[in-house]
Amino acid sequence: MIDPYINIRSEMVEKQIVGRGITDARVIEAMKKVPRHLFLNPAMHHNAYSDNALPIEENQTISQPYIVALMTQSLQLTGKEKVLEIGAGSGYQAAILAELCRRVFTIERIPALAKKARERLESLGYTNVAVLTGDGTLGRVEFAPYDRIIITAAAPDIPGGLLKQLSDNGCLVAPVGGRDFQTLRIIQKEGGELSEHDLIGCAFVPLIGKNGWKN
Ligand code: SAM
């Protein structure tokens, strides 16, 4: 089927992604390829390539394209990695990751969202993504260790259990801070030692769970 949004998406990537300093060619290609509108309700399709986070079902959001690109770039994916995402939401970020690594596990706490994300990813032909339902603040030990971990909901702090499930030489990216405003933080694990640095300010919906915010 012809994609009516192909040109608008390409323009969005040039303006919002390349224009704001994203340089990883693989990330740029993935952002051009994945049809963000298909991760939204049809009534929202016309807005899909605006420079915004947008509402999805269950009072949650799909992240702003620039933030998706920035977080993905920070993971420095080469194609070989096993990646854990916390907060599947619409499934869009998982699709971008699936384009760039070997295997994606994405956890969503709201079963209805997990079901929809799974259906979308399957209908787009992604066979290297597993959408799991549950509390992502606990990670999923049975598939650990992960080469990369990405948390796409606002964490009061990085859950310690997730750091244990991160491979040596791996990295984790997450919005960390208050319920309303956070900083994108990157944690690197090398020789068992952790180091961190911050990227930019951001605003995500809260990470709710045993090692996150209370509901
Ligand atoms: N990555 C998503 C996308 O591409 O559409 C956007 C994620 S949205 C900003 C945050 C998601 O995290 C919501 O769907 C929310 O239900 C989910 N969430 C919050 N706490 C969670 C937890 N403890 N475990 C798993 N998912 C969680």
Side-chain angles (χ1 to χ4, degrees), residues 17 27 30-31 33-41 44-45 47-50 52-75 83-101 104-121 124 126 129-141 143 146 148-162 165 172-182 184 201-215:
I17 308 297
V27 173
M31 299 289 298
K33 181 173 172 195
V34 177
R36 187 176 190 246
H37 62 284
L38 296 182
F39 292 84
L40 291 163
N41 283 330
M44 300 289 294
H45 282 187
N47 260 335
Y49 300 102
S50 62
N52 294 311
L54 293 169
I56 57 170
E57 301 82 3
E58 307 288 334
N59 259 337
Q60 301 301 316
T61 54
I62 183 172
S63 307
Q64 183 188 1
Y66 172 66
I67 295 290
V68 171
L70 185 63
M71 290 177 86
T72 308
Q73 176 170 267
S74 76
L75 295 176
V83 179
L84 175 68
E85 179 192 22
I86 314 301
S90 68
Y92 175 67
Q93 171 76 72
I96 296 286
L97 295 169
E99 292 285 340
L100 299 169
C101 71
V104 182
F105 292 93
T106 181
I107 309 178
E108 173 53 55
R109 68 176 275 273
I110 301 175
L113 281 183
K115 180 170 181 282
K116 238 183 154 145
R118 195 175 297 119
E119 285 166 2
R120 287 177 178 132
L121 289 159
L124 288 167
Y126 289 103
V129 185
V131 182
L132 311 168
T133 307
D135 178 2
T137 68
L138 305 171
R140 275 304 263 266
V141 275
F143 305 118
Y146 304 98
R148 307 285 188 267
I149 299 178
I150 173 169
I151 306 177
T152 60
D157 222 330
I158 309 282
L162 290 183
Q165 291 173 35
L172 175 153
V173 61
V176 184
R179 267 187 102 111
D180 298 324
F181 188 77
Q182 310 86 37
L184 271 188
C202 56
F204 277 76
V205 295
L207 179 74
I208 293 170
K210 188 157 188 283
N211 299 316
W213 296 98
K214 301 298 158 236
N215 203 354

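All residue numbers in this chain count up from 1 along the given sequence. Atoms within each ligand, like the ligands themselves, are counted from 1 in listed order.
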In a table with atom names and distances, give each donor-acceptor pair under 3.5 Å that connects a side chain of residues 208-215 to protein atoms at least two apart or in another chain.
residue : atom : partner : partner atom : Å
W213    : NE1  : A154    : O            : 3.2
K214    : NZ   : K210    : O            : 3.3

According to the interplanar angle, ranging from 0 to 90°, do the rings of F105 and F143 count as parallel (below 30°), tilted (30 to 60°) or perpendicular (above 60°)? parallel
Please name the pair of heavy atoms, one in I56 and one in S90, separated by the smallest distance, quoted to 0.1 Å. CD1-N, 3.5 Å
Check ligand 1 for N or O atoms under 3.5 Å from a protein N or O and list each pair with its distance.
residue  : atom   : partner : partner atom : Å
ligand 1 : 1 (N)  : E85     : OE2          : 2.9
ligand 1 : 1 (N)  : G87     : O            : 2.9
ligand 1 : 1 (N)  : T152    : OG1          : 3.1
ligand 1 : 4 (O)  : Q93     : N            : 2.9
ligand 1 : 5 (O)  : S90     : N            : 3.0
ligand 1 : 5 (O)  : S90     : OG           : 2.6
ligand 1 : 14 (O) : E108    : OE1          : 2.7
ligand 1 : 14 (O) : E108    : OE2          : 3.4
ligand 1 : 16 (O) : E108    : OE2          : 2.6
ligand 1 : 20 (N) : I208    : N            : 2.9
ligand 1 : 23 (N) : D135    : OD1          : 3.0
ligand 1 : 23 (N) : I208    : O            : 2.6
ligand 1 : 24 (N) : G136    : N            : 2.8
ligand 1 : 26 (N) : R109    : N            : 3.2

What residues, two or more places apart in sequence or in another chain, satisfy side chain to side chain donor-acceptor pair (under 3.5 Å) together with R140? E142
Any pair counted as side chain to side chain donor-acceptor pair (under 3.5 Å), so long as it reaches residues 104-115, sequence neighbours left out: E85-T106, K115-E119
Measuring from L54:CG to H37:NE2, what's the distance to the nearest 0.5 Å? 13.5 Å
